[in-house]
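Letters go in sequence order (proteins before strands), and every chain restarts at 1. None of these values were measured; they are calculated from a predicted model.
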2 protein chains.
Amino acid sequence: MAQPIRLRQVSPLKASCHQCSLSNLCLPLAIEENELDRLEDIVQQGRIFNRGEHIFDQSTPFRSCFAVKSGAIKTSIISENGEEQVTGFFMPGELVGLDSMGSKNYACTAKALERTSVCEFPIDKLEELTGKLPDLQHHMYHLMSQEIQGSHQLAMLLSKNTAEERIAALLLSLSSRFQRRRMSGTNFSLPMARNDIANFLGLAVETVSRVFTRFQNQGIISARGREVELLDVEALQTVTREFARQNA
Amino acid sequence: MAQPIRLRQVSPLKASCHQCSLSNLCLPLAIEENELDRLEDIVQQGRIFNRGEHIFDQSTPFRSCFAVKSGAIKTSIISENGEEQVTGFFMPGELVGLDSMGSKNYACTAKALERTSVCEFPIDKLEELTGKLPDLQHHMYHLMSQEIQGSHQLAMLLSKNTAEERIAALLLSLSSRFQRRRMSGTNFSLPMARNDIANFLGLAVETVSRVFTRFQNQGIISARGREVELLDVEALQTVTREFARQNA
DNA sequence: GTACGGTCTTGATATGAATCAATAGCGGAT
DNA sequence: ATCCGCTATTGATTCATATCAAGACCGTAC
């Protein structure tokens, strides 16, 4: 009996890190031009997710890390009780899934905040490659430690700062991440809902809303829905350091 | 002119991971018996710090990770304004410094909470070795991701849980870490001061104190200074899930 | 032993943000 | 174009925890 004919799966487009505009932010930044091919060999490129779709789910087998090509992703953990905690927002050039490295299952859920395309790095191949390319391994360590540090900063923000300080810090963080991509650091559109901001920063939605309007009244920002303009970056920086002053 | 005689520095005792009672918790757990020698080759063992001494300082060049052999360590970050945030407590068998991997400088300060001995893993040698031993590399990824996850859990605790829930969670965490070392999980002595607990959990010292006495009055724990006895572990677990119930 | 500095506890009060409640705005579906 | 549901804003009230203040405890040094 004939085997059912299986059309050869069109292999995912081979990635072209060489030509990617994000190569100076993403994994390629760690390695030499001539070794880039080896990274390209393991990358699967071009998967696209619509807003709201899950890139992966907590407690399902960990298979890959993902680099954001365009769009934005939020990650969150769900505790036993079903309570959600947003653990991070990921913008183009950033790597999602590091918190699951070395684990059997994903430690969090990743969800597209808007139409988002990603590059996929299968973890077994990535580990193999980092074993061969010391620079890449070093960079992975670096990225992971960055994530630890970022998380510690967040903890600090949550435990020591007021609502205004937290939101100012988030706006500045987003601003600098837009700037890294040569986009306006003062005029951008928030990829996430107020709700996500609130959850991430450990606040109630209402509080986020109030702080936005307060900032607006002070002329520090101008916001209409998700469109934000930072009118006075210095003032925002002052807000994040306000705490410092009072305790100096 | 004669060079001043330099006595040959007594080389730090070569580590004996083979015989270390913590080898099932520490890095050795990741690798085969026959490769253990290679780890031993790079480890420097036996440095001892008195209570209050710094193992390393934030913003100084990152040279090594440290495994706690005995005693306990707290890590903290100091923000520009001088505000301290305790980021973690490290017990025997645990690895300190992962948040600095791949960085030039230490991302935090590590301080001995009591008389503490450590094993030192020079980072260049460690990276070299993880490049050669895939299992060890995998384990490093695992440990680092664990730290990210732990930090996310902490963020969740800080942003969503009451003072009682946070403290219950800490007590249970310590309990299970003592148990891993075959020590009593119900009867132990806190390595850290109330102040450190408060800082770590984003609370005021007074609040920590009050919660301890409240737990004591409820017969959940018995505490006298740093000596703690968990009288009703179930109740503690219930406290940490209390939040769940109300929102179920 | 006594004195001292730091850690810890306890009480009274103040406050920032949560919660509750209602309305407004906006986008997608029909 | 209209309706509906979801997201966001705004106001009134409540509450957990910080802050302020005072005293107790405990180990260490003299």
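Between dT9(D), dA17(C), dT10(C), one nucleotide has an atom nearer to the side chain of Arg194(A) than all others, and that is dT9(D). Of the listed nucleotides (dG11(C), dT10(D), dT17(D)), dG11(C) has the atom at the smallest distance from the side chain of Glu206(B). Distance from the side chain of Arg210(A) is smallest to dT10(D) among dT10(D), dC20(D), dA17(C). The side chain of Thr207(B) sits closest to dA18(D) out of dA18(D), dC8(C), dA18(C).
Side chain to side chain, Ser70(B) and Ser117(B) meet the donor-acceptor criterion of an N or O pair below 3.5 Å.
Along DNA chain C, the nucleotide closest to Leu203(A) and the one closest to Ser209(B) are compared, and the more 5′ of them pairs with Ser209(B).
When rounded to the nearest whole Å, the span between CG of Asn195(B) and P of dT9(C) equals 11 Å. The nearest whole Å value for the distance from the CZ atom in Arg214(A) to the P atom in dG11(D) is 12 Å. Residue Leu201(B) contributes atom CG, which lies 14 Å from atom C1' of dT17(D) at whole-angstrom precision. Atom CD of Glu227(A) and atom P of dC26(C) are 12 Å apart (whole Å). Atom NZ in Lys160(A) sits about 13 Å away from atom C1' in dA18(D), given to the nearest Å. In this structure, Gln216(B) places its CD atom 14 Å from P of dC8(C), rounding to the nearest Å. The interatomic distance linking Asn217(B) (CG) with dT9(C) (P) rounds to 12 Å, in whole Å. If you measure from atom CG of Asn50(A) to atom C1' of dG27(C), you get 16 Å, rounded to the nearest angstrom.
In plain terms, the two heavy atoms of Ala155(B) and Leu154(A) that are nearest each other are CB-CD2, 4.1 Å.
As judged by a 4.0 angstrom heavy-atom cut-off over every strand, Ala193(A) is placed among residues touching the sugar-phosphate backbone only.
Atom CG of Leu25(B) sits about 11.5 Å away from atom CZ of Arg177(B), to the nearest 0.5 Å. Within the model, atoms CG of Leu22(B) and CG of Asn24(B) stand 7.0 Å from one another, a figure rounded to the nearest 0.5 Å.
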Glu53(B) vs Lys111(B), salt bridge (Lys or Arg N to Asp or Glu O under 4.0 Å): CA-CA, chis, key distance, verdict: CA-CA 6 Å; Glu53(B) 284 182 349; Lys111(B) 197 174 178 179; over 6 Å; no
